[in-house]
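These numbers come from the heavy atoms of this one structure, side chains and all, not from hydrogens, waters or symmetry mates.
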Amino acid sequence: MATMAELQEVQITEEKPLLPGQTPETAKEAELAARILLDQGQTHSVETPYGSVTFTVYGTPKPKRPAIFTYHDVGLNYKSCFQPLFRFGDMQEIIQNFVRVHVDAPGMEEGAPVFPLGYQYPSLDQLADMIPCILQYLNFSTIIGVGVGAGAYVLSRYALNHPDTVEGLVLINIDPNAKGWMDWAAHKLTGLTSSIPDMILGHLFSQEELSGNSELIQKYRSIIQHAPNLENIELYWNSYNNRRDLNFERGGETTLKCPVMLVVGDQAPHEDAVVECNSKLDPTQTSFLKMADSGGQPQLTQPGKLTEAFKYFLQGMGYMASSCMTRLSRSRTASLTSAASIDGSRSRSRTLSQSSESGTLPSGPPGHTMEVSC
């Protein structure tokens, strides 16, 4: 696999003649310095009706292309949630072609001060209502959303309210349902015997992962337990547990209008919720990817497989048609099928629509089948 340095050198091309007295070596050093600065991202904050929100922008906008717009889960920020995925070698081909906007939920950004006692943290619906302020500030018209857990819910709520601005969604570990009475009882009982960090870890990872206490689990347990903004994290956690039902209904008015890729790991805490969500969305617009050996956070444990699936998803939307694809290694087989769909004035070939457990095709137009291991 190419190193990051090699990848950066490949991306740099000499498009302009050298300045007088400038050697190729100094020109290359200047461009490398500019690339490093670009890779660090530019962090901004904007005021919204529900408080300030911080986000980091990587890359430059591409003409007629949406921004990749991420939103992280509870207990994490954009770096701890998405860096392993977006720093993965094969992901570089994607990020060369799209500007990225990584949002930190209020109070989750690095160095965030602790909110004062009694502060009313925004609901998940209000977090979704902050997104138009970000897009207006950046002058971006459309996005492809990538969300995990609570972030997947926020992006879904935004897409329901602003369907014309969302070209596609990648939703990892989404639970679109409000907590029922049994869930509330179980949550309250758990709260009597478990700390906030333990409850959040149980939300992020499977019990098998937590029992195994791998290096990854130790790392994220330390991140959450020693977080200087733990009080803020608890507020975000409470907002997630007070979420409203998204009321998805297959064939009804309340549904996601754009192509959607649902992702969940096998034996993940949210597996049943994602399967149920898949049953409520339009099968001709929805792809379902159940990833083996990925635990509760596929973007952390299986960035290569998720990158591959994301490339297929983007190709299905009409982007990156010339992308070089690699075959995922075989461990367990999932069935990926494609169906034709038309999005506005642009016809886009659907390259990812999946029934991952049985291998049967979902209802909708027939398409070819690709066998990959997930």
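Following chains of ILVMFWY side-chain contacts shorter than 4.5 Å, one cannot reach Val74 starting from Val114, and the two form parts of different hydrophobic clusters. Note on Tyr71 and Val46: same hydrophobic cluster, where clusters join Ile, Leu, Val, Met, Phe, Trp and Tyr whose side-chain heavy atoms are under 4.5 Å apart, directly or indirectly.
Residue-environment remark: NZ (Lys62) exceeds the threshold of 12 foreign heavy atoms within 6.0 Å. Within 6.0 Å of CD in Gln218 there are more than 12 heavy atoms belonging to other residues, nucleotides or ligands.
When each of Val148, Asp125, Leu171, Asp175 is paired with Tyr153, the side chain to side chain contact (heavy atoms under 4.5 Å, CB included) condition holds for Asp125 and for no other.
Without hydrogens or angle criteria, Ser80 side chain to Leu76 main chain gives no donor-acceptor distance under 3.5 Å. Under the 3.5 Å distance criterion, the side-chain polar atoms of Glu209 are matched with a main-chain donor or acceptor of Ser206. In this structure, Asp90 contributes its side chain and Glu308 its backbone to no donor-acceptor pair below 3.5 Å. In terms of modelled atom types and a separation under 3.5 Å, the side chain of Asn77 and the main chain of His72 share no donor-acceptor contact. Within the 3.5 Å criterion, the main-chain N or O of His162 finds a donor-acceptor partner in the side chain of Thr165. Counting only distance, with no hydrogens or angles, the side chain of Asn242 and the backbone of Asn238 share a donor-acceptor pair below 3.5 Å. The backbone N or O of Gly107 lies less than 3.5 Å from a partner atom in the side chain of Glu109, making a donor-acceptor pair. Side chain of Asp73 to backbone of Ala150: a donor-acceptor contact under 3.5 angstrom is found. Asn173 contributes no side-chain N or O that, together with a main-chain N or O of Gly149, makes up a donor-acceptor pair within less than 3.5 Å. A donor-acceptor distance shorter than 3.5 angstrom exists from the side chain of Arg250 to the backbone of Ser279, with no hydrogens or angles considered.
For the atom pair CD (Glu271) and CD (Glu276), the distance works out to 13.0 Å, reported to the nearest 0.5 Å. Atoms CG and OG1, from Leu246 and Thr255 in turn, are 10.5 Å apart once rounded to the nearest 0.5 Å. Taking CG of Leu281 as the start and OG1 of Thr284 as the end, the distance is 10.5 Å to the nearest 0.5 Å. Between Asn97 atom CG and Lys311 atom NZ the span is 10.0 Å, to the nearest 0.5 Å. Rounded to the nearest 0.5 angstrom, Lys257 NZ and Asp164 CG are separated by 10.0 Å. How far CE of Met91 is from CG of Leu306: 6.5 Å, rounded to the nearest 0.5 Å.
Side-chain contact check for Cys258 versus Leu169: some heavy-atom pair is nearer than 4.5 Å. In this structure the side chain of His203 never reaches within 4.5 angstrom of the side chain of Pro269, judged on heavy atoms. Considering only heavy atoms from C-beta on, Ile94 comes within 4.5 Å of Leu314 through its side chain. Counting heavy atoms from C-beta on, the side chains of Ile174 and Val264 never come closer than 4.5 Å. Taking the side chain as every heavy atom from C-beta outward, Ser156 and Cys277 never approach each other to under 4.5 Å. Side-chain contact between Tyr158 and Asp129: absent, with no pair of heavy atoms (C-beta onward) separated by less than 4.5 Å. At a threshold of 4.5 Å between non-hydrogen side-chain atoms, the residues Val103 and Thr70 do not count as touching. Under the 4.5 Å side-chain criterion, counting only non-hydrogen atoms from C-beta, Tyr121 is not in contact with Asn232.
Summarising the geometry of Gly41 relative to Tyr58, their closest heavy-atom pair is N-CE2, 3.5 Å, with the distance given to 0.1 Å. The nearest pair of heavy atoms linking Ile172 to Ala152 is O-CB, 3.8 Å. Across Pro259 and Phe313, no two heavy atoms sit closer than the pair O-CZ, 3.5 Å. Of all non-hydrogen atoms in Arg243 and Leu124, the two that sit nearest each other are CB-CD1, 3.9 Å. Closest non-hydrogen pair, Ser294 versus Gly265, comes out as OG-CA, 3.1 Å. The nearest pair of heavy atoms linking Phe88 to Pro303 is CD1-CG, 3.9 Å.
Ring-plane geometry between His102 and Tyr78 is classed as parallel, the angle between the planes falling under 30 degrees on a 0 to 90 degree scale with a further cut at 60. Between Phe82 and Phe86, the ring planes lie perpendicular to each other; the angle is over 60°, past the 30° to 60° tilted range. Note: Tyr240 and Trp237 have parallel aromatic rings, judged against thresholds of 30 and 60 degrees for the angle between ring planes. Ring geometry for Tyr319 versus Phe98: interplanar angle over 60°, hence perpendicular rather than tilted (30 to 60°).
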> Between Val99 and Leu138, does a side-chain contact (heavy atoms from CB on, under 4.5 Å) hold up when you go through it step by step?
Replying inline: CA-CA 11 Å; Val99 62; Leu138 296 171; over 6 Å; no
>> Let's go through Ile233 and Met108 carefully: what are the C-alpha distance in whole Å and the side-chain angles of both, what is the deciding distance for side-chain contact (heavy atoms from CB on, under 4.5 Å) to 0.1 Å, and is it a yes or a no?
In response: CA-CA 7 Å; Ile233 293 174; Met108 303 302 123; 3.9 Å; yes
>> Between Val57 and His44, is the side-chain contact (heavy atoms from CB on, under 4.5 Å) condition met? List the steps.
In response: CA-CA 8 Å; Val57 182; His44 309 266; 3.9 Å; yes
> Given Ser123 and Ser239, is the side chain to side chain donor-acceptor pair (under 3.5 Å) satisfied, shown in steps?
Replying inline: CA-CA 5 Å; Ser123 68; Ser239 286; over 6 Å; no
> How far apart are the C-alpha atoms of Glu215 and Tyr220, what are their side-chain angles, what is the distance that settles it, and do they pass the side chain to side chain donor-acceptor pair (under 3.5 Å) test?
Replying inline: CA-CA 9 Å; Glu215 184 177 338; Tyr220 279 83; over 6 Å; no
> Given Gln299 and Gln297, is the side chain to side chain donor-acceptor pair (under 3.5 Å) satisfied, shown in steps?
Replying inline: CA-CA 6 Å; Gln299 81 283 2; Gln297 299 292 307; 2.8 Å; yes
>> Test side-chain contact (heavy atoms from CB on, under 4.5 Å) on Val275 and Lys290; report intermediate values, then the result.
In response: CA-CA 9 Å; Val275 170; Lys290 181 178 176 183; 5.9 Å; no
>> Show, in sequence, the C-alpha distance, side-chain angles and deciding distance for Arg221 and Asn213, and conclude whether the side chain to side chain donor-acceptor pair (under 3.5 Å) test is met.
In response: CA-CA 9 Å; Arg221 178 178 282 117; Asn213 199 31; 2.9 Å; yes
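For an aromatic pair to be called close, the ring centres must be under 6.0 Å apart, and Phe69 with Phe140 fails this.
We find that Lys280 and Glu249 are not joined by a salt bridge, their nearest charged nitrogen and carboxylate oxygen being 4.0 Å or further apart.
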